2 protein chains.
Amino acid sequence: MGRAHGRRLGRAGIRDVAAAAGVSITTVSDALNGKGRLPDATRRHVREVADRLGYRPSAAARTLRTGKSGLIGLTVTTYGEEPFTFTEFAYFAEMARAASSAALARGYALVILPGSTRQSPYDVWSNVALDGTVVIDPSDRDPVVTELVRQGIPVVSDGRPCGDLPVTAWVDNDHEAAVTGLLDHLAAAGARRIGLLTGTSTDTYTRLSTKAYLRWCERAGQDPVYEAYPAHDPCAGAVAADRLLARPDRPDAVYGLFDPNGTDLLAAARRYGLRVPDDLLLVCCSESAVYAGTEPPITTLSLKPGRIGSTVVQLLIDAIEGTGGGRPVQRIMPTDLIVRTSSQRRRARTTVSAPRSPEDRGRS
Amino acid sequence: MGRAHGRRLGRAGIRDVAAAAGVSITTVSDALNGKGRLPDATRRHVREVADRLGYRPSAAARTLRTGKSGLIGLTVTTYGEEPFTFTEFAYFAEMARAASSAALARGYALVILPGSTRQSPYDVWSNVALDGTVVIDPSDRDPVVTELVRQGIPVVSDGRPCGDLPVTAWVDNDHEAAVTGLLDHLAAAGARRIGLLTGTSTDTYTRLSTKAYLRWCERAGQDPVYEAYPAHDPCAGAVAADRLLARPDRPDAVYGLFDPNGTDLLAAARRYGLRVPDDLLLVCCSESAVYAGTEPPITTLSLKPGRIGSTVVQLLIDAIEGTGGGRPVQRIMPTDLIVRTSSQRRRARTTVSAPRSPEDRGRS
DNA sequence: AACAGGAGAAGAGACGATTCTGCAAGCCAG
DNA sequence: CTGGCTTGCAGAATCGTCTCTTCTCCTGTT
């Protein structure tokens with residue numbers, strides 16, 4: 001035989017198992033993968049030997065052979081050099097958690113990747129074998145998406161893609177319905193002039209939400225009252241909230257599109273001596289639990305990122321495995337308005353029961 | 001010749017590039033990887049042809065051959081079936097962001113993996129080729145860590161490992177110093193009896209922090225006043241905060257070990273009619289920015305998760321690449337006390353400048 | 001008795017890159 | 001003129017697994 005395969009690495013390979021079990025490589029592979037025609041005795045024997053040797057199949061070799069890596073990319077829009085977006089921390093964290101969980105349950109793992117190619121000297125994207133990718137809020141003609149699709153890799157986006165980006169599928173909230181419902185809620189609570197705190201960027205979320213607001217105003221016969229600011233700037237929100245409440249046509253209710261707007265608006269209201277909810281009704285879009293504990297608790301619109309993340313991954317894996325038909329899929333997910341004190345004129349039952357009387361000292 | 005490699009896949013392989021450029025496979029590989037002895041002309045030519053063909057080297061093949069995948073595992077402690085821990089959402093999110101960023105900058109990507117093997121029918125762990133792994137808060141004799149180390153894969157942990165877990169390196173905060181410094185700060189602000197809101201679990205963070213508190217009390221000649229609760233239960237915190245303030249030996253200052261404790265304690269204080277900071281000084285350990293916007297703003301201890309995540313990854317990659325000596329490394333990272341109104345008796349300068357006077361309506 | 005057919009297991013390529021080794025040609029010095 | 005050195009490139013082995021094909025028995029039927 002010449003140089004019969006010298007022991008080259010510490011870990012046992014399939015050949016070692018075959019030798020130790022006194023069978024062929026084929027038999028080992030079939031036994032461990034539940035394929036082929038083998039009597040149970042052989043199967044058990046091989047499995048036992050493999051266990052004893054601590055055999056772990058090489059993921060790289062399997063991937064090379066089968067063409068499936070079990071890896072799903074998760075791309076996050078990048079501000080500056082950092083991955084992750086800062087404005088929607090809680091949203092992203094929850095979405096990623098659910099996505100990861102859903103992937104794991106189906107035997108896939110998530111790989112966190114930057115929003116752009118060639119962010120570093122190395123191109124991490126082409127160093128990873130991906131079965132598919134989840135893209136959060138892809139931009140108009142996202143180069144990463146374009147390239148992936150060109151390579152024939154399925155791409156599912158969280159957020160309706162702008163333009164004619166050729167994603168395999170997408171998932172998004174029904175933003176129009178959410179905003180309309182929420183404005184109706186405020187109006188029902190007695191709001192006469194509802195203001196909006198929105199963003200200057202042109203992503204789908206901002207655009208659709210603002211459009212829904214404007215359309216609602218038109219239908220309700222109210223003049224729009226809004227301030228826009230660059231949402232990625234953590235300080236600009238407070239300033240914009242202040243501007244909104246400083247206007248001569250000051251609104252008596254405000255909806256803030258971004259997570260920090262709740263505290264921004266609350267702080268601004270305090271500065272102007274406005275009581276919430278008596279003088280000002282407040283709602284903001286947020287996934288953060290802190291708004292249950294603020295004074296007063298603030299009504300929030302939840303986009304249910306968990307459901308989004310889970311759905312995105314399900315659709316992607318379906319596309320990868322060829323399940324669920326070949327044609328593009330889009331799925332609209334409902335949102336959830338969590339009504340708290342800040343959007344109700346009459347003091348309603350609060351969720352947290354106070355052990356003794358809250359003592360509204362000094363309040364009016 | 002026989003069946004000279006029929007076109008089998010859409011994507012171009014290294015052979016196609018070689019053929020198109022009129023050189024050998026070796027030359028293509030060398031040209032693209034900057035190895036071998038090739039004149040610049042050849043190198044340029046090959047690169048150009050590769051670009052034209054849209055050639056992307058197969059990550060699986062490269063990994064199989066070189067033994068390096070460029071993938072780093074990120075394991076998150078699991079409560080129940082879900083990955084991620086809920087109590088420290090902000091901590092984890094920031095830590096993961098920084099870790100991912102640091103990895104990307106050095107050409108690695110992070111793979112999110114469950115805290116246990118065989119969480120699903122598939123064992124995702126053995127389906128991924130990892131160069132190394134980051135483990136957050138490993139438990140006493142973590143089976144995942146043990147198995148990885150047995151396979152010779154470097155493991156770096158965030159959090160001092162309990163017991164004699166054989167991690168390659170670890171990074172942690174100086175919890176003793178942090179707690180001691182913070183208690184000194186409270187004492188300097190006039191606290192006579194400082195209470196602690198702590199957890200019932202036995203992880204390193206809780207254990208070290210509590211021990212530091214007890215030792216400080218002993219040195220300061222104060223009786224310890226503390227309540228412990230299961231930190232993973234989101235509701236239990238509010239109850240524990242209430243218990244702490246209901247005690248006959250009610251503390252005049254409290255440190256809360258967990259992120260939500262700030263709002264928990266603030267709410268409890270309101271229920272008992274205690275003014276913060278006048279009647280009660282407050283500090284909690286948190287990475288959340290909301291505490292800058294609460295009423296009053298709350299002093300927080302930041303563990304600087306970003307620095308931790310970044311350092312963990314650096315150490316891991318050093319270990320993978322053989323840089324930085326072979327022996328185990330442990331690194332202690334400083335914490336950051338962000339002093340706000342809640343821990344200062346005399347109204348100090350707040351970080352956020354108020355455009356007009358805050359109007360402390362009705363307050364005493 | 002001969003043969004079909006199936007069960008059990010082994011052989012032998014791929015998969016697509018990296019890389020060790022080796023060959024041919026050119027150049028210079030002895 | 002020749003031997004050694006460098007330069008430029010090609011051949012072919014290898015990484016570890018999956019899987020298509022083949023091969024050998026063995027049994028049961030006509």
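Order of the sequence lines fixes the chain letters, A, B, ..., with proteins taken first and strands second; residue numbering starts at 1 for each chain. The model shown is predicted, which means the values in this text are computed figures rather than measured ones.
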Check: salt bridge (Lys or Arg N to Asp or Glu O under 4.0 Å) with Asp51(B): which residues, sequence neighbours excluded?
Finding: none
Notebook entry, point to check: Does any residue of residues 30-43 of chain B have a heavy atom under 4.0 Å from DNA chain D, and if so, which ones, in number order?
Noted result: Arg37(B), Leu38(B), Pro39(B), Thr42(B)
Checklist line | Listed once per pair and sorted, the salt bridge (Lys or Arg N to Asp or Glu O under 4.0 Å) pairs that draw on residues 24-47 of chain B, sequence neighbours left out | finding: none
Just the rounded figure in Å: distance from [atom2] of [N] to [atom1] of [X].
{"X": "Arg62(A)", "N": "dG16(C)", "atom1": "CZ", "atom2": "P", "answer": "18 Å"}
{"X": "Leu64(A)", "N": "dT19(D)", "atom1": "CG", "atom2": "P", "answer": "12 Å"}
{"X": "Ile25(B)", "N": "dG16(C)", "atom1": "CD1", "atom2": "P", "answer": "11 Å"}
{"X": "Arg15(B)", "N": "dA10(D)", "atom1": "CZ", "atom2": "P", "answer": "15 Å"}
{"X": "Arg65(B)", "N": "dC20(C)", "atom1": "CZ", "atom2": "C1'", "answer": "9 Å"}
{"X": "His45(B)", "N": "dG8(D)", "atom1": "NE2", "atom2": "C1'", "answer": "15 Å"}

Could you work out, with side-chain contact (heavy atoms from CB on, under 4.5 Å) as the rule, every residue matching [X], not counting sequence neighbours?
{"X": "Ala129(A)", "result": "Thr63(A), Ser69(A), Ala59(B)"}
{"X": "Gln151(A)", "result": "Glu147(A), Ile153(A), Arg11(B), Arg56(B)"}
{"X": "Asp172(B)", "result": "Arg160(B), Trp170(B), His175(B)"}
{"X": "Val23(B)", "result": "Ala21(B), Thr27(B), Val28(B), Val46(B)"}

Checklist line | Global bending angle along the helix from dA1(C)-dT30(D) to dG30(C)-dC1(D), which compares the axes of five pairs at either end, to 10 degrees | finding: 60°
Check: Which nucleotide, dT17(D), dA17(C), dA10(C), lies nearest any side-chain atom of Val23(A)?
Finding: dA10(C)
Check: Which nucleotide in the list dG16(C), dG16(D), dT19(D) gets nearest to the side chain of Ala61(A)?
Finding: dG16(D)
Margin query: Can you tell me whether the side chain of Thr26(B) and the base of dG11(D) have a donor-acceptor pair closer than 3.5 Å?
Written below: yes
Item checked: side chain to side chain donor-acceptor pair (under 3.5 Å) partners for Asp142(A), two or more places apart -> none
Check: Within the structure shown, what part of the strands sits under 4.0 Å from Ser29(B) by heavy-atom distance: base, sugar-phosphate, or nothing?
Finding: base
